[in-house]
Amino acid sequence: MTKGNDTKITDELYAYALAHNPPLDVVQRELVETTYAELPAHAGMQSAQEQGPLLAFLVRLTGARHIVEVGTFTGFSALSMAQALPSDGVLIACDISEEWTAYGREAWEKAGVADRVDLRIAPALDTLRAMPAEPHIDMAYLDADKGNYIAYWEELVPRMRPGGLVVTDNVLFHGSVTDPRATGNADAIREFNDHVVADARMDSVLLTVADGLTLSRRK
C-alpha cells in the first residue's frame, strides 16, 4: 500500500487550515460556542468547524435548491447550508429533538435564513418516506443515528436527482472502523461503508475530513 503523504494533523496545522478557510460568521460562531457551553456532554455531535464552509461550498458547487438533512442537532450544518442556498431554496431538516433544534431555530432567525429551513420533528425515516418518491433532491447531508444509516441511504438515493450529492459524516467513526471486532455504532458504520462502496447507483469517495466524510454522486 502506498500512502499519498505522511502529514500529521497537529493542533497547529489544524489551526492553520482553519485560518485559511472561510471564517465562521458571528451567528455561526455564537451557535458553535453556545452548543459547547450549554450541551457539553453532547457537543461532539456537532459537525466540525471546517465542515460548515465545506458544506456551503458544496451547496454552491452543485447549484442545490432542495436539500435534505438527516440529523440536525443544534443546527450548525443546517445554518451553513441554508446560508448558501438561493433565496427560494429550501432545506428540510429532520430531527427528533425540540430541545436541541431550538438552538438552531434561534440561529436561523438571527442569520435571516429561517424561511429556507423546514424543520420536521419526527423520526427521519417517516419524514423521508413521506417525500415524493421520484428523484427531486439536489443534496443531502446524513449525520444522524448510525444504526439507521443504511435505511436512510436507501430512502435518499432513489430520491436524488441525477448528479445529486449525498454527504455522509462520521464514516471513520473515531478510527474504529478498522477494527473487525467493532460493535455498536462502529460496526454499523463499517456495514454502511461497505454498502456504499458496493452501490452501483452512486459514485462515492471517502475523505479523511474531520471524522471521515463520504461524498456520493447519483449517476
Side-chain angles (χ1 to χ4, degrees), residues 22 24 28 31-32 35 44-86 89-97 100-101 103-105 107-108 111 113 116-125 127-128 131 135-161 163-173 189 192-193 195-196 199 202-207 209-218:
L24 301 188
Q28 291 174 325
L31 180 56
V32 169
T35 299
M45 294 168 57
Q46 184 170 248
S47 295
Q49 178 174 323
E50 65 270 27
Q51 289 175 267
L54 175 59
L55 289 169
F57 180 86
L58 292 173
V59 172
R60 298 186 183 102
L61 183 67
T62 58
R65 307 178 76 86
H66 187 180
I67 300 172
V68 174
E69 176 179 72
V70 182
T72 296
F73 188 41
T74 59
F76 171 65
S77 52
L79 172 61
S80 301
M81 290 186 286
Q83 288 175 310
L85 277 170
V90 63
L91 185 154
I92 297 175
C94 307
D95 208 282
I96 58 172
S97 174
W100 290 345
T101 57
Y103 294 97
R105 288 182 187 273
W108 304 331
V113 296
R116 302 177 198 175
V117 182
D118 178 2
L119 177 62
R120 301 186 183 181
I121 301 295
L125 284 174
T127 300
L128 294 174
M131 292 179 182
H136 66 283
I137 301 171
D138 299 317
M139 180 171 161
Y141 183 47
L142 177 52
D143 185 18
D145 53 304
K146 312 313 172 191
N148 274 320
Y149 261 28
I150 291 177
Y152 296 140
W153 175 267
E154 287 302 322
E155 294 300 329
L156 286 168
V157 169
R159 293 173 169 84
M160 302 304 299
R161 65 161 173 82
L165 182 67
V166 179
V167 182
T168 307
D169 198 16
N170 302 119
V171 294
L172 296 180
F173 207 74
I189 290 294
F192 173 78
N193 290 340
H195 187 79
V196 169
D199 194 331
M202 307 290 281
D203 289 319
S204 297
V205 292
L206 192 158
L207 306 175
V209 174
D211 190 32
L213 202 67
T214 292
L215 306 184
S216 305
R217 177 184 177 275
R218 185 73 159 95

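By convention here, the first residue in the shown sequence is residue 1.
Under the rule for a side chain to side chain donor-acceptor pair (under 3.5 Å), the partners of Gln28 that lie at least two apart in sequence or sit in another chain are Ser80, Gln83. Judged as a side chain to side chain contact (heavy atoms under 4.5 Å, CB included), and not counting sequence neighbours, the contacts of Ser97 are Asp95, Glu99, Trp100. Evaluation of the side chain to side chain contact (heavy atoms under 4.5 Å, CB included) rule for Ala122 yields Thr127 as partners, not counting sequence neighbours. Under the side chain to side chain donor-acceptor pair (under 3.5 Å) criterion, Ser216 pairs with Ser204, sequence neighbours left out. Qualifying salt bridge (charged side-chain N to carboxylate O under 4.0 Å, His left out) partners for Asp143, counting only residues two or more places apart in sequence or in other chains: Lys146. Qualifying side chain to side chain donor-acceptor pair (under 3.5 Å) partners for Arg105, counting only residues two or more places apart in sequence or in other chains: none. Contacts of Asp145 classified as salt bridge (charged side-chain N to carboxylate O under 4.0 Å, His left out), with partners at least two apart in sequence or in another chain: none. For Glu155, the salt bridge (charged side-chain N to carboxylate O under 4.0 Å, His left out) partners two or more places apart in sequence, or in a different chain, are Arg129, Arg159. Tyr149 pairs by the ring-ring contact (aromatic ring centres under 6.0 Å, His included) definition with Phe192, not counting sequence neighbours. When the side chain to side chain contact (heavy atoms under 4.5 Å, CB included) test is applied to Leu54, the partners found at least two apart in sequence or on another chain are Leu58, Val209, Leu213. Not counting sequence neighbours, the partners of Arg65 by the side chain to side chain donor-acceptor pair (under 3.5 Å) test are Asp88. Evaluation of the salt bridge (charged side-chain N to carboxylate O under 4.0 Å, His left out) rule for Asp211 yields no partner, not counting sequence neighbours.
Taking the side chain as every heavy atom from C-beta outward, Leu85 and Val90 never approach each other to under 4.5 Å. The side-chain heavy atoms of Ile92 and Met131, taken from C-beta on, include a pair separated by under 4.5 Å. Counting only heavy atoms from C-beta outward, the side chains of Val196 and Thr168 never approach each other to under 4.5 Å. Val70 places none of its side-chain heavy atoms less than 4.5 Å from the side chain of Tyr141. When side chains are defined from C-beta on, Glu154 counts as touching Asp199, because their heavy atoms get closer than 4.5 Å.
A distance of 11.5 Å separates CG in Asp203 from CG in Leu215, rounded to the nearest 0.5 Å. With values rounded to the nearest 0.5 angstrom, Leu24 atom CG is found 10.0 Å from Glu50 atom CD. Summarising the geometry, atom OH belonging to Tyr103 is positioned 16.0 Å from atom CG belonging to Leu79; distances are rounded to the nearest 0.5 Å. Note that CZ of Phe57 is 15.5 Å distant from CE of Met81, once rounded to the nearest 0.5 Å. Annotation: the span from Thr35 atom OG1 to Gln46 atom CD amounts to 4.0 Å, rounded to 0.5 Å. Rounding to the nearest 0.5 Å gives a distance of 10.5 Å between CG of Asn170 and OG1 of Thr214.
When each of Arg218, Arg161, His66 is tested with Asp138 by the rule side chain to side chain donor-acceptor pair (under 3.5 Å), just one qualifies, namely Arg161.
Nearest heavy atoms, Ala78 versus Trp108: CB-CZ2, 3.7 Å. When all heavy atoms are compared, the tightest approach of Asp169 to Gly212 is OD1-O, 3.5 Å. The heavy-atom pair separating Ala82 from Arg116 by the smallest distance is O-NH1, 2.9 Å. The two residues Ala210 and Ala48 come nearest to each other via the heavy atoms CB-CB, 3.7 Å. Closest of all the heavy-atom pairs between Ser77 and Leu55 is CB-CD1, 3.7 Å. In terms of heavy-atom proximity, Tyr152 sits nearest to Ala144 at CE1-CB, 3.9 Å.
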Begin from the C-alpha positions of Met139 and Ile67 and carry the test side-chain contact (heavy atoms from CB on, under 4.5 Å) through to its verdict.
CA-CA 5 Å; Met139 180 171 161; Ile67 300 172; 4.1 Å; yes
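Heavy atoms of other residues, nucleotides or ligands lying less than 6.0 angstrom from CG of Leu125 number more than 12.
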